[in-house]
Chemist: 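Attaching a single structure in structure tokens format; questions to follow.
Both counts, for ligands and for their atoms, begin at 1 and track the order of listing. Being a predicted model, the structure only gives us computed values, none of them experimental. Below, each value reflects all heavy atoms present in this structure, side chains not excepted, and no hydrogens, waters or symmetry copies. We number each residue from 1, following the sequence as shown.
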Amino acid sequence: MRTDTTTTRSTTAATAAIAAVRNLGILAHVDAGKTTVTERILYLTGTTHKRGEVHNGTTVTDFDPQERDRGITIFAAAVSCAWAGHRINLIDTPGHVDFADEVERSLRVLDGAVAVFDAVAGVEPQSESVWRQAERHGVPRIAFVNKLDRAGADLDTALASIRERLHPRPLAVQLPIGTEESFTGVIDLVHLRALTWADDGTLTHGPVPDHLTADTTARRRALEEAVAELHPEALEDFCTHGALDAATLTAALRDLTRTGEAVVVLCGSAYRNRGIEPLLDAAVAYLPSPLDAPPVRAADEQRQQRGADPRQPLTALAFKVTAAPTGRLTYLRLYAGTLRKGDTVLDAATGRTERIARILRVMADRHTETDHALAGDIVAVIGPKAARVGATLCDPDHPILLEAPVSAEPVVTVAVEARRAADTDKLTAALARLAEEDPSLRLATDPETGQRTLSGLGELHLEVAVEKVRREAGVEAVVGRPRVALREALVEGVSGFVHRHAKQEGGAGQFAHIVLDVRPAGDGFAFASTVTGGRVPREYAQAVEAGCRDALAEGPLGGHPVVGVAVTLTDGITHPKDSSELAFRTAARQGLREALRSARLQLLEPLAEVTATVPEDALGAVLGDLAARRGQVQATTLGRDGAAQVSALVPLAELFGYAGRLRGRTQGRGTFTSRPAGYAPAPPLG
Ligand SMILES: Nc1nc2c(ncn2[C@@H]2O[C@H](COP(=O)(O)OP(=O)(O)OP(=O)(O)O)[C@@H](O)[C@H]2O)c(=O)[nH]1
Ligand SMILES: [Mg+2]
């Protein structure tokens with residue numbers, strides 16, 4: 001009996017511990033203030049004792065020398081801190097689109113996120129992208145409208161832009177006190193009190209000031225009505241009492257955040273240390289704990305699932321790997337089970353086992369060691385030597401394979417070569433190591449020139465990689481001109497294409513005869529077999545599909561991947577002795593290659609959606625330059641502050657070096673961001 005009570009007690013304690021965890025991401029457009037928000041959170045939670053600043057390179061999460069030099073976040077950084085009895089595992093993500101893969105991997109392991117917006121700019125393009133990305137991952141969000149101290153900042157305009165571009169139901173739970181330079185605090189509309197911050201960041205709670213009572217009452221009423229409209233129980237309460245109290249509002253906002261029916265909006269100025277405490281309170285109150293997350297499922301066997309239960313078999317995903325001076329650090333999100341120091345775990349994809357030598361909680365500039373970690377937590381471990389980003393580490397007796405995070409396809413390639421020939425191997429090794437940390441970087445050899453090539457998501461992505469190798473491995477590299485990744489799309493197919501693969505002289509032969517219909521379709525690859533009467537057995541049809549995929553890797557126009565193809569196997573002949581899966585796969589590869597040579601294909605190039613903010617007097621020059629780059633201007637809007645915003649679709653190939661050109665045309669006052677916008681027909685080579 002005694003053991004039972006003890007077990008029950010420890011299980012309850014473990015459940016309470018998991019319920020108090022928040023795995024939280026900070027997401028937004030470049031420069032919205034994610035790193036500054038993170039920095040203030042770490043300061044307030046006592047994790048760091050000084051407030052670091054992005055502009056002088058003293059923040060905790062932008063610790064890479066390149067991040068400090070460039071003033072941007074490049075690598076997602078995970079840090080743990082404690083607030084109001086909760087453990088918050090925080091991931092500060094990069095805003096620049098070239099590092100979107102870091103965001104994607106982070107989203108896989110987060111349970112909730114704070115989306116940060118600039119109170120002047122509102123919803124910017126990359127905020128929209130990461131918002132949709134979070135939506136795809138089912139990660140609930142709250143919003144923080146930052147930089148309320150800036151000239152032109154306005155919460156209501158930012159709310160309107162959220163409503164227009166992201167979500168029909170942004171619900172502000174705060175009202176700013178003062179504007180711009182005189183922004184000093186917020187009214188908490190849920191608890192009807194004023195929070196004000198002194199210049200040194202000290203927070204004082206007080207009553208709502210007289211001049212704001214009318215506005216406060218009106219906004220509180222509007223909040224209650226909006227919540228009642230969306231939440232059935234709140235509606236019942238509202239109808240009975242004619243109002244909603246703080247507890248009901250909080251509970252309803254928490255539900256609406258988790259279902260995604262509404263977005264709670266807070267505001268402040270991270271730089272001026274205003275608004276961070278209530279943001280932490282909101283994250284704890286509204287965003288889900290690991291217990292609220294749906295169980296994870298096995299990639300191959302959807303019925304196999306595991307929830308955030310420390311007694312279940314260990315299930316963890318490695319979402320980040322870094323080569324720190326202390327050794328290789330592997331960051332894990334634990335989904336189920338308990339991880340103990342000294343455990344042997346199985347890398348489910350490779351079948352290798354790894355030993356967990358140490359378990360660390362990363363706290364700003366130091367690590368604290370722990371002997372175990374429970375389901376739901378995010379920790380870093382030392383010991384695993386080979387586990388890659390995306391690996392599932394699990395209990396060797398109860399294997400499970402989780403789906404690995406999907407990596408974006410590289411769009412830009414450069415040739416790289418060591419400046420000194422003697423460094424060639426060192427360079428290759430260093431780049432290969434980088435590609436292990438960042439799966440959106442690919443290292444290859446150009447089959448024609450024999451040169452080493454590095455591919456990634458953009459110019460900056462590759463520049464950062466080469467610079468990292470220079471700084472960390474001490475190898476200087478010479479980098480060629482960037483090229484974009486082209487594709488070949490099928491425009492007109494062929495039907496009834498016959499191919500016979502036969503090698504039947506002596507020994508075991510190879511025989512396969514196939515008939516293919518090849519049609520343009522969508523932007524991927526589809527395969528079907530309509531062969532009847534068992535003329536081609538199912539395994540051979542599957543081998544034909546595999547052979548088609550082989551053929552599509554290199555198209556006839558220039559060896560680029562072929563897209564938009566539907567292949568139907570309509571007939572075939574087998575030989576009782578000489579047919580095999582290999583023979584059919586070879587037949588399909590050769591056959592489809594040949595079929596494509598007689599079909600019509602079109603070269604596609606990647607496009608980018610460019611948003612440039614430029615002074616009005618430079619608008620003409622900027623538009624002219626975009627036209628010269630084959631850009632299609634989609635909209636031009638004039639702002640209140642003498643700045644114009646241009647959005648345009650521009651072939652990525654024409655964007656190389658654009659940052660410098662834009663600075664030139666605008667005397668350094670213009671800025672731009674870009675994001676991938678699919679593929680479009682490329683002009684004929686010439
Ligand atoms: N005026 C004002 N400036 C701010 C505020 N918060 C951040 N900044 C400044 O905005 C700039 C960008 O801030 P970061 O915190 O680096 O922004 P980020 O979102 O992390 O940027 P990336 O990681 O590069 O996407 C820095 O110069 C900050 O000092 C704020 O509340 N008010
Ligand atoms: Mg940052």
Chemist: Is D31 close to ligand 1, meaning an N/O of one under 3.5 Å from an N/O of the other?
Modeler: yes
Chemist: Using distance alone, decide if ligand 1 has a nitrogen or oxygen within less than 3.5 Å of any nitrogen or oxygen in K147.
Modeler: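 Checking ligand 1 against K147, an N or O pair does fall under 3.5 Å apart.
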Chemist: Polar-atom distance check: I72 versus ligand 1, any N or O pair below 3.5 Å?
Modeler: no
Chemist: Just heavy atoms, cut-off under 4.0 Å: does V54 contact ligand 1 by side chain, backbone, both, or neither?
Modeler: side chain
Chemist: Using a 4.0 Å heavy-atom threshold (strictly under), name the region of V37 that reaches ligand 1: side chain, backbone, both or neither.
Modeler: neither
Chemist: Kindly confirm whether the Mg ion (ligand 2) is within less than 2.8 Å of some N/O/S atom in T73?
Modeler: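 Within the cut-off used here (under 2.8 Å), T73 does place an N, O or S atom near the Mg ion (ligand 2).
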Chemist: For ligand 1, is there an N or O atom under 3.5 Å from any N or O atom of L148?
Modeler: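 Among all N and O atoms of L148, none is under 3.5 Å from an N or O of ligand 1.
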Chemist: Give yes if a backbone or side-chain nitrogen or oxygen of T36 is under 3.5 Å from a nitrogen or oxygen of ligand 1, and no if not.
Modeler: yes
Chemist: With heavy-atom distances below 4.0 Å as the criterion, list the atoms of ligand 1 near S269.
Modeler: 30 (C), 31 (O), 32 (N)
Chemist: Assess A28 for proximity to ligand 1: is some non-hydrogen atom of it under 4.0 Å away?
Modeler: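 Flag not set, A28 not near ligand 1.
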Chemist: Decide, counting backbone as well as side-chain atoms, whether T93 has an N, O or S atom less than 2.8 Å from the Mg ion (ligand 2).
Modeler: no
Chemist: Output the list of atoms in ligand 1 that are nearer than 4.0 Å to some heavy atom of T73, sorted by atom number.
Modeler: 20 (O), 22 (P), 23 (O), 24 (O)
Chemist: Within less than 4.0 angstrom of ligand 1, does R150 place any heavy atom?
Modeler: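 The answer is yes, since R150 has a heavy atom less than 4.0 Å from ligand 1.
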Chemist: Below 4.0 Å, non-hydrogen atoms only: which portion of N146 touches ligand 1? Side chain, backbone, both or neither.
Modeler: side chain
